[in-house]
Amino acid sequence: MSALTDRVVAGDVRAAARLMRLIEDGQPEAEAALRELWPKTGRAQMVGITGNPGAGKSTLVDRLVAHLRAQGRTVGVLAVDPTSPFTGGAILGDRIRMQDHALDPGVFIRSFATRGQLGGLSRATSDCARVLDAMGKDVVLIETVGVGQDEVEVCRLAHTTVVVVVPGLGDDIQAIKAGILEVADLFAVNKSDREGADRTVRDLRSMLELNHAMGTDVGKHEIAIVKCVASRGEGVAELWAAIDAHYQSLRKGDGLLAREAQRARHDLVEVLRERLLQVALKKLAQEGAQLDDLALRIARRETDPYSVADEAARL
Ligand SMILES: Nc1nc2c(ncn2[C@@H]2O[C@H](COP(=O)(O)OP(=O)(O)OP(=O)(O)O)[C@@H](O)[C@H]2O)c(=O)[nH]1
Ligand SMILES: [Mg+2]
């Protein structure tokens, strides 16, 4: 193994941070390192925390970290920032709050900006989660805003995905129905200090019952709904107990392997997509065709995207 991967496996924080930077920048060394690390992964419990902006995900993650640390478990946190660090005051607030844990060697926290990159955000997040896994972190918490497809993809990496909702949603329930429901393993009704928390629990429950009646939840475990007040740390122990119960039920059968296989399939497709794109671009370049020139020719109707792609994809 290379020095870098040796250090990652030994739990070296700086080596892990360096590798994550290489991953985010899409550097070829990252892939070589990940290849070496692969046999050392598959041990961490991966938990996805998703939900609308401002639902209290970071606050919950912060409390979950404290809860896990009190149990003596080591934790890695990946936070996918929805906004640039230059715009959001709340984000800065999050960072400051998380600093408490930053001094704890049992916790590793990293945030990502959501920016478009070749290979995609979900791939980079997945790879970084693997780094935390290889480092020996017992639990990896991944925070994403449940809005775009990319963010939903990130949830597929987790063993357990928690969807955080807040009281008084109405429309939000519709949004949940639209995309996130299929990835939810359990719901956290956060900000339960606000009016309407019980109503939200009831709404969620009837939605789940409806799904059950329609058979759209086939193969799923029973989805728990946990009320919490993250800002006061209330319900956090219960939430973790529900997350762990879900994980343990996966471990009992072959659910864990099925999840891992689902995840591996996703990763494989992503890697393949990237590889094939590289091969195609290289082939075009060898033939002296630049992407921009081709685009111009397509725009001028001298050729069409299908013919160019056919040509490039011929291995
Ligand atoms: N009343 C109340 N406020 C809360 C609770 N949990 C979090 N908050 C507040 O809600 C605001 C947003 O919390 P965050 O944890 O930053 O939410 P987030 O979901 O991580 O937000 P983004 O990352 O921006 O999507 C903060 O001002 C928190 O203090 C809660 O249980 N009750
Ligand atoms: Mg947040």
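Just so you know, ligand 1 is whichever comes first in the structure, and atom 1 is the first atom listed for that ligand.
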Next on the checklist: Tell me whether Asp254 at atom CG has more than 12 heavy atoms from other residues, nucleotides or ligands lying less than 6.0 Å away.
Outcome noted: no
Checklist outcome for this item: Of Glu143, Lys191, Arg232, Arg194, the residue with the heavy atom nearest atom 10 (O) of ligand 1 is Lys191
Checklist outcome for this item: Looking only at heavy atoms, the pair that brings Val8 and Leu37 closest together is CG1-CD1, 4.0 Å
Next on the checklist: Using a 3.5 Å cut-off on N or O atoms only, is Cys228 in polar contact with ligand 1?
Outcome noted: no
Checklist entry - Do you know which N/O/S atom name in Glu143 is closest to the Mg ion (ligand 2)? => result OE2
Item to check | Distance-only N or O hit between ligand 1 and Ala55, under 3.5 Å | outcome: yes
Checklist outcome for this item: Scanning both residues in full, the closest heavy-atom pair of Thr200 with Pro167 reads OG1-CA, 3.2 Å
Checklist entry - When you look for heavy atoms under 4.0 Å from ligand 1, do you find them on the side chain of Asp193, its backbone, both, or neither? => result side chain
Next on the checklist: If you compare all heavy atoms of Asp138 against all heavy atoms of Arg73, which two are closest, and at what distance to 0.1 Å?
Outcome noted: OD2-CA, 3.4 Å
Checklist entry - Does the pair Arg314/Asp310 count as a salt bridge with the N-to-O cut at 4.0 Å? => result no
Checklist outcome for this item: Quick note on ligand 1: atoms under 4.0 Å from a heavy atom of Pro53 include exactly 25 (O)
Checklist entry - Going by an N to O cut-off under 4.0 Å, is there a salt bridge joining Arg130 and Asp127? => result no
Next on the checklist: So, 2.8 Å as the limit: is an N/O/S atom of Thr59 located closer than that to the Mg ion (ligand 2)?
Outcome noted: no
Checklist entry - N/O of Ser192 under 3.5 Å from N/O of ligand 1, yes or no? => result no
